[in-house]
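These notes concern the structure reproduced below.
Worth saying up front: this structure is predicted, and the values here are computed from it rather than measured. Throughout, a chain's letter reflects where its sequence line sits, starting with A, and its residues are numbered from 1.
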Number of protein chains: 2
Amino acid sequence: MPETENNKYQHQRQQAIRSAAAVFAEKGFHGSSTKDIAERMGIKQGSLYYYFKSKEEALGEVCLFGITDYVDRMNGIAASDQPFEAKLMATITSHLSSYREKNEALKVYNDERLYLPEAKRITLKSLGSGYRQLLEMIFEEGVQSGALRDSIDCHFAAQAVIGICNAWGDVIVRDPDVDLFDIIQKCTDLLLNGFRERRKIQRTDDDIDVAGNLNYQKN
Amino acid sequence: MPETENNKYQHQRQQAIRSAAAVFAEKGFHGSSTKDIAERMGIKQGSLYYYFKSKEEALGEVCLFGITDYVDRMNGIAASDQPFEAKLMATITSHLSSYREKNEALKVYNDERLYLPEAKRITLKSLGSGYRQLLEMIFEEGVQSGALRDSIDCHFAAQAVIGICNAWGDVIVRDPDVDLFDIIQKCTDLLLNGFRERRKIQRTDDDIDVAGNLNYQKN
DNA sequence: CATGCATTCTATAGACCTATAGAATTTCCG
DNA sequence: CGGAAATTCTATAGGTCTATAGAATGCATG
């Protein structure tokens, strides 16, 4: 470890975290060796311990890296002054975009974090459940503002959003040709309007149009 | 291996698969040792190789066990003569009930199957994607029968159902007090009707507004 | 009970893996 | 340039793991 504030050290450590993310994402925590990680960043196995006290510490850093600004962004969305629909869509966009940018680290966070020691896991958990709580709050606001049916269970709703996003996150990681924008629209549409045909049953024809084509513009 | 048709052998092998499922689910494939598995079924590490050629074979059997009658049931639902809503609810029920009964093996199938050798993975994949295709077909029928909006993307829809079910599957596994029936109802309701309030007429302007506040970039 | 098959055990080879110690090399800066 | 600090390397101790071989035990049946 360097004794002074140091630039190269920070940069190399970041590289180490990214390498670990890639390897863990591919082979899982226990399936990866420190040799794999070191080789991917072009150093020898032993040298990795200059940057991490242990393999476990590397996992912790990867998870943190995966989730950090993901939660920050969610804070921004929750605090912003937009109607419910916009917040929901922004959430989905943020979630899925994160998958594109940080797919490995996020996958590691989702799949491997349980192998962390208790203490670290709790720290991360508070971040993660902070995320879900923010989302839940957004739904509660949506109910209060009248945008959503008041019969909905906000906890369930938040979980459902995360579930759908994660399912598509996996698809996105595997197939880079999937159109992110298309998925975002469809997710939002599903969550707001459901799949059911309404013409015959319900009288509010307006909703059909809104449902059919959410009118979204790029900036 | 026994040379004749044998009862005890089959029974013990089944026990071995269940033990492996439990251990793999808890610690992941690479995190589990054959000693863990053997101990859980009350035999010694070496004896396990009487039932499996390798640890990998055990994983394959667990995955197969997890998914098998799950797919069978889906076949039944798809072939049955029910309206769309009933089929959807039956699917969700089947999916979530499977999580209750076979939570470990299903979790292993979802999380660890990629560690199988190519050949086995392909066999399983054809089963798994058979499942998704059946679900897709059900949605297509739903569109044709007029139960669903004809703008929906059936591939997307099937993926979304699976995503939601898996998210709740995890919750169900962790917390046995969750009311399965309640979740089933809420999932079905969400998928059919969405969360949006319908009495009030939604202004399309809201949806346009969304655009300004998103930082999505199309590449 | 004796024979043969089924099941489980013990012991171990051989591979691989983490983490550390200390040497070697590179980089920085006066 | 010269020395100090930073970075990487080599080598290895000590541990765990898979898979196999061969011995021991259980069990059914004639």
- Task: Would you give a per-nucleotide map of nucleotides 25-30 of chain C, 5' to 3', where B means the base has a protein non-hydrogen atom under 4.0 Å away, S means only the sugar-phosphate does, and - means neither?
- Result: ------
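A heavy-atom distance below 4.5 Å is found between the side chains of A:Leu191 and A:Ile164. Contact check for B:Asn193 versus A:Phe195: no side-chain heavy atoms found under the 4.5 Å cut-off.
Under 4.0 Å is where a charged nitrogen must lie from a carboxylate oxygen, and between A:Arg73 and A:Asp69 at least one such pair does. By the 4.0 Å N-to-carboxylate-O rule, A:Arg196 lies close enough to B:Glu85 to be salt-bridged with it. Salt bridge B:Arg13/B:Glu61: present, at least one basic N to carboxylate O contact under 4.0 Å.
Of the possible donor and acceptor atoms, none in the side chain of A:Ser129 sits under 3.5 Å from a partner among the backbone N and O of A:Arg132. For the pair B:Lys107 (side chain) and B:Val173 (backbone), a donor-acceptor distance under 3.5 Å is absent.
A cation-pi arrangement is absent between A:Lys102 and A:Tyr70, since the terminal nitrogen or guanidinium carbon is not both under 6.0 Å from the aromatic centre and inside a 45° cone about the axis.
For the pair B:Arg13 CZ and C:dT7 C1', the interatomic distance rounds to 15 Å; values are reported in whole Å. To the nearest angstrom, C1' of D:dT7 lies 15 Å from CG of A:Asn7.
Of the residues in residues 23-39 of chain A, those lying under 4.0 Å from DNA chain C by heavy-atom distance are A:Ser32, A:Ser33, A:Thr34. Within residues 41-66 of chain B, the residues that place at least one heavy atom under 4.0 Å from DNA chain C are, in residue-number order, B:Ile43, B:Lys44, B:Ser47, B:Tyr50, B:Tyr51.
Partners of B:Tyr131 by side chain to side chain donor-acceptor pair (under 3.5 Å), not counting sequence neighbours, listed by chain and number: B:His95. The side chain to side chain donor-acceptor pair (under 3.5 Å) check on A:Gln159 picks up nothing, with sequence neighbours excluded.
Between the side chains of B:Asn166 and B:Tyr99, a donor-acceptor pair is found at a separation under 3.5 Å. Side-chain contact annotation: A:Gln82 with A:Ser80, donor-acceptor N/O pair under 3.5 Å present.
Note: B:Tyr115 and B:Phe29 have parallel aromatic rings, judged against thresholds of 30 and 60 degrees for the angle between ring planes.
Counting only Watson-Crick and G-U wobble pairs whose two key distances fall under 3.5 Å, DNA chain C forms stems of three or more stacked pairs at C:1-30 with D:1-30.
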